[in-house]
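What you are looking at is a predicted structure, and each value in this text was computed from that prediction instead of being measured.
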Amino acid sequence: MIGITIGFAVLYYLMSFETTVIRVSTEEGRDGGENFLDYLYFSGVTILSVGYGDLVPVGYARFFALLEAAIGFLLPTAYFVRAINGQSDNPPDIKEGQGNYSDKRSKDEEDERKTEEADD
């Protein structure tokens, strides 16, 4: 997540050389990107879906901000879904003597069956 945040901050910073990328959300609407830290801040609040509203994207940066917010929402979701599914895919190894009562009962029934077969 940190790498994605920094990557998008670099993208916004590079885009700022050609056009205004972020503006301060006031009536004056002055440019908000004075240095790289402004773009890093904007990228951080975007990927975390905090969106304080003090800086707003302008022009093509709106598309990239939307993309970054989607990644920030979907990536952790996919991680947790995979982690939860991973737990159910690998059941713990149950060794003899660690099973529940039904495991013991089936073993006792098998022993009785073997004893009966031996008696015949």
Side-chain angles (χ1 to χ4, degrees):
M1 293 284 285
I2 293 171
I4 294 171
T5 303
I6 293 171
F8 272 97
V10 169
L11 175 68
Y12 299 135
Y13 184 69
L14 294 175
M15 288 174 55
S16 72
F17 291 135
E18 291 185 22
T19 184
T20 300
V21 176
I22 55 176
R23 290 186 188 263
V24 176
S25 181
T26 61
E27 290 183 20
E28 300 87 39
R30 66 178 176 83
D31 291 349
E34 296 176 4
N35 57 34
F36 179 75
L37 292 178
D38 289 340
Y39 296 104
L40 185 61
Y41 166 77
F42 174 73
S43 181
V45 297
T46 301
I47 198 160
L48 295 174
S49 299
V50 175
Y52 292 126
D54 54 346
L55 297 175
V56 293
V58 179
Y60 291 115
R62 294 175 8 170
F63 169 75
F64 291 111
L66 180 64
L67 182 64
E68 182 179 10
I71 290 170
F73 178 74
L74 295 174
L75 192 64
T77 303
Y79 173 77
F80 286 116
V81 166
R82 183 177 173 127
I84 290 170
N85 285 339
Q87 289 178 351
S88 64
D89 289 345
N90 300 324
D93 292 335
I94 297 177
K95 298 177 182 161
E96 188 174 338
Q98 291 182 340
N100 58 21
Y101 178 72
S102 64
D103 291 341
K104 181 169 178 35
R105 188 177 59 215
S106 64
K107 183 174 174 32
D108 290 341
E109 289 171 358
E110 184 179 329
D111 290 342
E112 285 178 25
R113 187 176 47 83
K114 287 180 182 177
T115 305
E116 288 175 5
E117 289 175 0
D119 290 341
D120 291 337

Find out if a path of hydrophobic residues (ILVMFWY) with successive side-chain heavy-atom gaps under 4.5 Å connects Phe17 to Met15. yes
Note: Ala69 and Ser49 closest approach over all heavy atoms is O-OG, 4.1 Å
With a 4.5 Å limit on heavy-atom distance, are the side chains of Phe42 and Pro57 in contact? yes
Co-membership, hydrophobic cluster, residues Ile71 and Phe80, 4.5 Å side-chain: no
Are Tyr39 and Val21 side-chain neighbours, meaning at least one heavy-atom pair lies under 4.5 Å? yes
With side chains defined as the heavy atoms from C-beta onward, is the minimum distance between Val24 and Leu55 less than 4.5 Å? yes
Pick out which of Ile6, Val45, Val10 makes a side chain to side chain contact (heavy atoms under 4.5 Å, CB included) with Leu40. Ile6
Apply the side chain to side chain contact (heavy atoms under 4.5 Å, CB included) test between Ser43 and each candidate in Thr5, Leu11, Asp38; give the one that qualifies. Thr5
So do Ile47 and Phe8 actually touch side chain to side chain, heavy atoms under 4.5 Å? no
Among Ile, Leu, Val, Met, Phe, Trp and Tyr joined by side-chain contacts under 4.5 Å, find the other residues sharing a cluster with Phe73 and list them by chain and number. Leu74
Hey, any chance Phe63 and Tyr60 share a hydrophobic cluster, counting ILVMFWY side chains that come within less than 4.5 Å of each other, even indirectly? yes
In terms of hydrophobic clustering (I, L, V, M, F, W, Y; side-chain heavy atoms under 4.5 Å; direct or indirect links), are Leu14 and Ile4 co-clustered? yes
Please answer: with hydrophobic residues joined when any side-chain heavy atoms are less than 4.5 Å apart, are Leu66 and Tyr52 in the same cluster? no
Between OH on residue Tyr12 and CD1 on residue Ile22, distance to nearest 0.5 Å: 9.5 Å
For the CG atom of Leu75 and the CE atom of Met1, what is their distance to the nearest 0.5 Å? 6.0 Å
Between the CZ atom in Arg30 and the OG atom in Ser25, the distance rounded to the nearest 0.5 Å is 11.5 Å
Could you list the residues that satisfy ring-ring contact (aromatic ring centres under 6.0 Å, His included) with Phe36, not counting sequence neighbours? Tyr13
d(Tyr41 OH, Thr46 OG1) to nearest 0.5 Å is 9.5 Å
